[in-house]
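Computed over heavy atoms, backbone and side chain alike; hydrogens, waters and symmetry mates excluded. Below, read A as the first sequence line, B as the second, and so on, with proteins coming before strands; counting in each chain starts at 1.
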Number of protein chains: 2
Amino acid sequence: MASLSIGQLAQQAGVAIDTVRYYERNGLLAPAGRLASGYRRYGTTELRRLCFIRRAKALGFSLDDIRTLLTLSDEQDVSRIREAAQRKRDDIERRIAELERIRAALDTLITACPGHGRAEACPILRALTQEDSP
Amino acid sequence: MASLSIGQLAQQAGVAIDTVRYYERNGLLAPAGRLASGYRRYGTTELRRLCFIRRAKALGFSLDDIRTLLTLSDEQDVSRIREAAQRKRDDIERRIAELERIRAALDTLITACPGHGRAEACPILRALTQEDSP
DNA sequence: ATTGACTCTGGACTTGAGTCCAGAGTGCAG
DNA sequence: CTGCACTCTGGACTCAAGTCCAGAGTCAAT
């Protein structure tokens, strides 16, 4: 046990086989050990690393971010990991604020739109067609 | 006046020249009128339409959405415009909820991380390295 | 030994919304 | 008339994160 084919690894980590090879090509996973046949072989270390990547992605980190995180975690650099997490949190906060701004604008327009009648009465069209605000 | 070169149009609408040509190629703007030289000429109609596109993009609509909106606004179909706006609002709401979930998770991790010391004490690393939850 | 499932490679393709380019032709101020 | 800024075209390129492919080789169960 604890020796996995690429298919088993991918399945256990919940990613596609191509994704595993893609991560290897792009330095997120170290080059895998090989059987005589050339088939890749994996152990639990690689499985854990792959799961790390999947979870970090779910937290909104890009593969580039994750490469950094992996380096930092190898270096045991806790303070820099914390900083990276904070930067990402702030980043996500900004995206939330922007989306909320957009949602509020849409809400205003939708509420004001009668949903029938002449186009001139539709505030959504009017808002999109205003002459002001370059 | 009211006759603009592509550069003037782009500048007044706040987009790049290449973007104007790109929109024309992709059916968001009608093929522009031409001078004898082949230079495109624009009027206020096109400027308004281009601004419409810019504003709709700022509201989170994709160019594909906008193509639909433009068709609907030509058809004066107010009820369907309202529906499109509502769908987009719901879409944005889902994205906000997802980002808030991520932010909460990051907040938990950051709060618990001492920011120094051994890696084993860092909950961010621990969370990303857990063996549970495939 | 045969089958069917698996794996290998390098490279091309995808999506969305542009951006950049070379090489040629134009417009206009001084 | 010179020079510089502008515009034209078709096509290639960018970004991220994969996904798909053909053609060849391999593994494991029957």
Distances under 3.5 Å between protein N/O atoms and the N/O atoms of nucleotides 14-18 of chain C, please, pair by pair.
from: C:dA17; atom 1: OP1; to: B:Leu63; atom 2: N; distance (Å): 3.4
from: C:dA17; atom 1: N7; to: B:Tyr22; atom 2: OH; distance (Å): 3.4
from: C:dG18; atom 1: OP2; to: B:Tyr23; atom 2: OH; distance (Å): 2.8

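- Distance, A:Ile17 CD1 to C:dT9 P: 13 Å, rounded to whole Å.
- A:Arg41 comes within 4.0 angstrom of no nucleic acid atom, judged by non-hydrogen atoms across all strands.
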>> Counting primed atoms plus P, OP1 and OP2 as sugar-phosphate and everything else as base, spell out the protein contacts along nucleotides 24-30 of chain D at 4.0 Å heavy-atom distance: B, S or - for each nucleotide, 5' to 3'.
In response: -BBS---
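- Applying the side-chain hydrogen bond (donor to acceptor under 3.5 Å, both in side chains) rule to pairs touching residues 97-106 of chain A yields A:Glu98-A:Arg101, A:Arg103-B:Glu93, sequence neighbours excluded.
- Listed pair B:Arg40 / D:dC8 meets the phosphate criterion, a side-chain N or O lying under 4.0 Å from OP1 or OP2.
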Which donor-acceptor pairs under 3.5 Å do side chains of residues 73-82 of chain B form with protein atoms, sequence neighbours excluded?
from: B:Ser73; atom 1: OG; to: B:Leu70; atom 2: O; distance (Å): 3.0
from: B:Asp77; atom 1: OD1; to: B:Ser79; atom 2: OG; distance (Å): 3.4
from: B:Asp77; atom 1: OD1; to: B:Arg80; atom 2: N; distance (Å): 3.4
from: B:Asp77; atom 1: OD2; to: B:Arg80; atom 2: NE; distance (Å): 3.0
from: B:Arg82; atom 1: NE; to: A:Cys113; atom 2: O; distance (Å): 2.9

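- Looking at residues two or more places apart in sequence or on another chain, you find a side chain to side chain contact (heavy atoms under 4.5 Å, CB included) between B:Tyr22 and B:Arg25, B:Asn26, B:Leu63.
- Computed from coordinates, the A:Gln8 CD to C:dA5 P distance equals 16 Å when rounded to whole Å.
- Straight-line distance from the CZ atom of B:Arg34 to the C1' atom of C:dG25: 13 Å, rounded to whole Å.
- Under the rule for a side chain to side chain contact (heavy atoms under 4.5 Å, CB included), the partners of B:Ala105 that lie at least two apart in sequence or sit in another chain are A:Leu59.
- Listed by first and then second residue, the salt bridge (Lys or Arg N to Asp or Glu O under 4.0 Å) pairs involving residues 110-125 of chain B are B:Arg118-B:Glu120 (not counting sequence neighbours).
- The distance from atom CD of B:Glu24 to atom C1' of C:dT19 is 17 Å, rounded to the nearest whole Å.
- Across all strands, A:Arg21 comes closer than 4.0 Å to base atoms (heavy-atom distances).
- Between A:Gln11 atom CD and C:dA5 atom C1' the separation is 14 Å, expressed in whole Å.
- By the side chain to side chain contact (heavy atoms under 4.5 Å, CB included) test, A:Ser62 pairs with A:Asp64, A:Asp65, sequence neighbours left out.
- Contact of the A:Leu4 side chain with the A:Arg41 side chain is not registered, since no non-hydrogen atoms from C-beta on lie closer than 4.5 Å.
- Residues B:Phe61 and B:Ile53 form no side-chain contact, since every pair of their non-hydrogen atoms from C-beta on lies 4.5 Å or further apart.
- In this structure B:Arg49 satisfies the side-chain hydrogen bond (donor to acceptor under 3.5 Å, both in side chains) test with no other residue, sequence neighbours excluded.
- Residues of residues 88-101 of chain A that place a heavy atom closer than 4.0 Å to DNA chain C do not occur.
- Residue pairs meeting the salt bridge (Lys or Arg N to Asp or Glu O under 4.0 Å) criterion with at least one partner in residues 8-21 of chain B, sequence neighbours excluded, are B:Asp18-B:Arg21.
- Applying the side chain to side chain contact (heavy atoms under 4.5 Å, CB included) criterion to B:Glu24, with sequence neighbours excluded, gives B:Pro31, B:Ala32, B:Arg34, B:Arg40, B:Tyr42.
- Taking atom CG of A:Asn26 as the reference point, atom P of D:dG18 lies 10 Å away to the nearest angstrom.
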